[in-house]
Structure formats: C-alpha cells, structure tokens
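Heads up, the thing below is written out as structure tokens.
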Amino acid sequence: MNQRRGAWLKLLCVLGVSWSCDPNAPDTTSPGTGPGVRACGVDGVLLCDDFEGASVGGAPDSSKWQVQIFENKGSISIDGTQAHSGSKSVYVNGTGTSSYRSVLFTATEPFPPQYNSFYARVFLHSKNGMGQGHSTYFGGGSADNQRMVRIGFHQYVLEANLIHPGTEYEVLSGPWGEPSKGVQLQAGKWHCVEAFFNGAQHELRVWFDGTEVEGLHTTNWGKSLSTWSPQYGKAWFGFETYHSEQDELWYDDVIIGTQRIGCGG
C-alpha cells in the first residue's frame with residue numbers, strides 16, 4: 001500500500017474499523033493505471049535497468065538490487081559477453097548438485113506498488129532451456145516470503161505457481177506431459193517475458209515474446225480461490241530450482257512499471 005493509504009488504515013484500525021486492519025489486504029482500486037515516468041522507451045516506469053552502468057565482473061547496482069544466493073551455491077555478476085541491448089547483462093550461474101538452489105537479484109523498491117499491482121518485463125537468455133523439473137525465473141511476493149507468485153517452468157514448459165500459506169498451486173502453458181503443446185524457452189536465444197501481477201483483482205497475466213499465454217491467465221488457479229494475491233513487497237529475478245535443474249542465464253532490460261510494457265522498450 002502507498003504511504004497515505006497506509007496511514008489511513010492505521011488510523012481506522014485504532015478507531016476500531018476492523019475491515020481495514022489486515023496488513024495483507026490488497027488495494028482494490030483500479031490497477032494498471034498507476035503513476036510512473038517515461039523511461040526506457042515506455043510509460044509508467046518505476047524501475048528500469050539495462051545494466052550498462054555496472055562494472056563487468058561486479059554485482060548489479062546495489063541501489064536497485066540485492067543479491068541473494070542460498071548457501072553460496074551459484075553466483076550473480078555483470079557479464080560483457082551476452083546482451084540483449086548494449087553490451088552488458090546480468091549473468092546468473094545456477095549450476096550445482098543440490099536439489100534446492102536459489103540465485104536471485106531482488107528489488108524491494110518501488111514496493112509496495114499502488115493498487116498492489118505491477119508489470120514486470122525481462123529479456124531472458126538461457127544456456128540449457130527448460131527441463132523436466134520445476135524451477136523459477138522471476139516472481140513477486142510478500143515481504144515475509146509467505147505468499148509468492150512465480151514464473152518459471154515445469155515439465156519443459158512455461159508455468160506459473162502460487163505459494164499460499166501451507167499450499168501451492170500451479171498452471172501450465174500446455175497440457176501436462178505434452179511439452180510440444182506448451183510455451184518453451186529455447187536454449188541460446190533471447191526471449192521477452194512479461195507478467196502482470198494484478199493484486200487488486202487477484203489476477204495473473206503472462207506474455208511470451210509479445211503474445212499472451214492464455215494458459216497462464218488465472219484469477220483462481222483452478223481452485224475457486226477468490227482472495228489469494230500477496231501484498232506485494234518485492235520482485236526478484238534469477239534462478240531458483242527445486243528438482244536439481246541446472247542452467248546459466250542472462251537477464252537484460254528489466255523493467256517494473258504500472259502499465260503494460262511490451263518488448264519494445
């Protein structure tokens with residue numbers, strides 16, 4: 001919630017107006033219409049990074065990103081050999097032998113977003129492509145990590161899943177066990193992936209190379225959920241795997257905004 005709305009909610013709680021006291025309750029006003037600036041070729045930008053200002057071999061700009069690597073298994077650095085635009089990108093080394101590995105660069109600003117809703121757009125290059133197991137490329141969630149919406153792959157196709165306290169839900173871009181009918185990220189190629197984390201209306205939408213992935217458009221995760229969205233407090237990018245998958249990834253031209261971004265900026 002924004003600071004003004006947060007102050008009003010605290011006052012109402014003090015006065016005993018209980019309906020507004022849940023810190024996880026999303027702002028339910030109009031999403032996708034929030035403020036921002038015009039930068040990186042698009043309107044409504046809250047955060048934009050093409051990583052050109054960072055030093056090769058160093059970390060992404062610490063004023064925008066926090067590097068988080070679970071048990072030092074993997075690495076994140078600025079690379080000068082791969083780029084979608086310019087000459088630099090973020091290199092994510094997600095190789096290793098453990099079943100769980102998390103190598104992420106996380107943005108906590110400009111969160112929480114107005115209307116509890118935001119768009120995220122990345123250009124992503126994978127060395128290995130999608131595997132059979134389950135792994136995540138990017139996502140958004142609550143500050144305490146108890147509720148998360150993650151975009152990644154499972155069974156060789158693009159997927160999204162929801163971490164809800166005590167439960168996990170998933171939607172796939174194609175039929176289970178039929179990878180040729182789903183959306184697949186190709187090894188050695190830059191792809192544009194975008195998501196709308198619409199917390200105001202408990203909705204997720206995903207686009208791949210500019211085309212919406214209908215199978216990942218969800219409002220209830222196929223389980224008649226009605227109020228599932230996190231109170232978004234962060235977004236992250238990188239590689240998190242849960243089934244021993246390995247990959248090396250490059251991220252470039254990352255934008256977080258209040259309006260649809262597309263692949264042109």
Side-chain angles (χ1 to χ4, degrees), residues 36-42 45-98 100-113 118-129 135-141 143 145 148 150-153 185 187-195 197 232-242 245-257 261 263-265:
V37 300
R38 181 168 181 84
C40 304
V42 293
V45 171
L46 300 174
L47 182 150
C48 176
D49 203 342
D50 61 7
F51 309 105
E52 294 301 300
S55 300
V56 171
D61 185 347
S62 61
S63 69
K64 298 178 180 178
W65 306 104
Q66 297 176 348
V67 173
Q68 299 173 310
I69 301 173
F70 179 72
E71 294 184 346
N72 294 316
K73 296 174 182 176
S75 64
I76 288 178
S77 61
I78 300 298
D79 183 70
T81 66
Q82 293 277 3
H84 169 257
S85 69
S87 62
K88 299 175 185 176
S89 63
V90 177
Y91 169 63
V92 177
N93 184 340
T95 62
T97 58
S98 62
Y100 173 79
R101 278 166 284 117
S102 180
V103 186
L104 306 174
F105 56 108
T106 301
T108 55
E109 297 292 341
F111 293 90
F118 68 99
Y119 289 84
R121 197 284 312 275
V122 303
F123 280 91
L124 175 61
H125 182 285
S126 166
K127 179 180 179 180
N128 298 333
S135 299
T136 296
Y137 295 132
F138 69 98
N145 292 322
M148 292 179 277
R150 309 185 299 195
I151 310 298
F153 68 83
L185 185 151
K189 179 180 178 181
W190 284 101
H191 289 282
C192 171
V193 188
E194 182 177 7
F197 298 88
Y232 289 109
K234 63 174 69 174
W236 64 88
F237 307 86
F239 189 66
E240 185 168 76
T241 185
Y242 321 102
E245 299 291 332
Q246 299 194 23
D247 206 357
E248 295 175 60
L249 300 156
W250 289 262
Y251 284 83
D252 203 358
D253 298 319
V254 177
I255 298 178
I256 293 172
I261 300 161
C263 299

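Count residues from 1 along the sequence.
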Specify the closest pair of heavy atoms between Gly57 and Ser77, including all atoms of both residues, with the distance to one decimal. O-CB, 4.0 Å

Does the side-chain contact (heavy atoms from CB on, under 4.5 Å) test come out yes or no for Tyr100 and Ser102, once each step is laid out? CA-CA 7 Å; Tyr100 173 79; Ser102 180; 3.3 Å; yes

So, for Val67 and Pro60, which heavy atoms are closest and what is the spacing to 0.1 Å? CG2-CD, 4.0 Å

Check whether any side-chain heavy atom of Ile151 lies under 4.5 Å from a side-chain heavy atom of Phe138, and answer yes or no. yes

Sub-4.5 Å side-chain heavy-atom contact between Leu249 and Phe237: no

Taking C-beta and beyond as the side chain, do Val90 and Asp252 meet within less than 4.5 Å on heavy atoms? no

Criterion side-chain contact (heavy atoms from CB on, under 4.5 Å) on Phe111 and Leu46, from CA distance to verdict: CA-CA 9 Å; Phe111 293 90; Leu46 300 174; over 6 Å; no

Those residues that, when tested against His191, pass ring pair (Phe, Tyr, Trp, His ring centres under 6.0 Å) (two or more places apart): Phe208

Got Gln246 and Thr241 here, is their nearest side-chain heavy-atom distance under 4.5 Å? no

Compute the ring centroids of Phe118 and Phe197, then answer whether they are less than 6.0 Å apart. yes

Is it the case that Asn93 and Thr95 place a side-chain donor and acceptor less than 3.5 Å from each other? yes

Side chains of Cys192 and Arg121: does their closest heavy-atom pair fall under 4.5 Å? yes

Beyond-backbone contact of Phe153 with Leu185, side-chain heavy atoms, under 4.5 angstrom: no

With rounding to the nearest 0.5 Å, note down the distance linking CD in Glu245 to CZ in Phe239. 6.5 Å

Take Glu194 and Ile255 through the test side-chain contact (heavy atoms from CB on, under 4.5 Å) and record every step on the way to the result. CA-CA 9 Å; Glu194 182 177 7; Ile255 298 178; over 6 Å; no

Are any non-hydrogen side-chain atoms of Arg150 and Trp236 less than 4.5 angstrom apart? yes

Shortest non-hydrogen contact between Ile76 and Ile69, atoms and distance: N-CD1, 4.0 Å

Using a 4.5 Å cut-off on heavy atoms from C-beta on, say whether the side chain of Trp250 contacts that of Asp79. yes

Tested for side-chain hydrogen bond (donor to acceptor under 3.5 Å, both in side chains) against Trp65, the lone hit among Thr106, Thr108, Asp49 is Asp49

Would you check if there is a donor-acceptor pair between the side chains of Thr136 and Tyr242 at a distance under 3.5 Å? yes

Scan His125, Gln82, Lys127 and name whichever one has a side-chain hydrogen bond (donor to acceptor under 3.5 Å, both in side chains) with Glu248. Lys127

Nearest heavy atoms of Lys234 and Asn145, plus distance in Å: NZ-OD1, 3.4 Å

Can you see which heavy atom on Ala235 is nearest to which on Ile256, and at what distance? CB-CD1, 4.0 Å

Is the centre of the Tyr251 ring less than 6.0 Å from the centre of the Phe105 ring? yes

Any donor-acceptor N or O pair under 3.5 Å, side chains Ser85, Asp253: yes

Rounded to the nearest 0.5 Å, the OH atom of Tyr119 sits from the CD1 atom of Ile261 at a distance of 9.0 Å

Ignoring hydrogens and angles, tell me if any N or O in the side chain of Lys88 forms a donor-acceptor pair with the backbone of Ala54 under 3.5 Å. yes

Closest non-hydrogen contact found for Gly74 with Val103 is CA-CG2, 4.0 Å

Hey, what do you get for CG (Asp247) to CZ (Arg101), rounding to the nearest 0.5 Å? 10.0 Å

Does Lys64 reach the main-chain N or O of Cys48 with its side chain, forming a donor-acceptor pair under 3.5 Å? yes

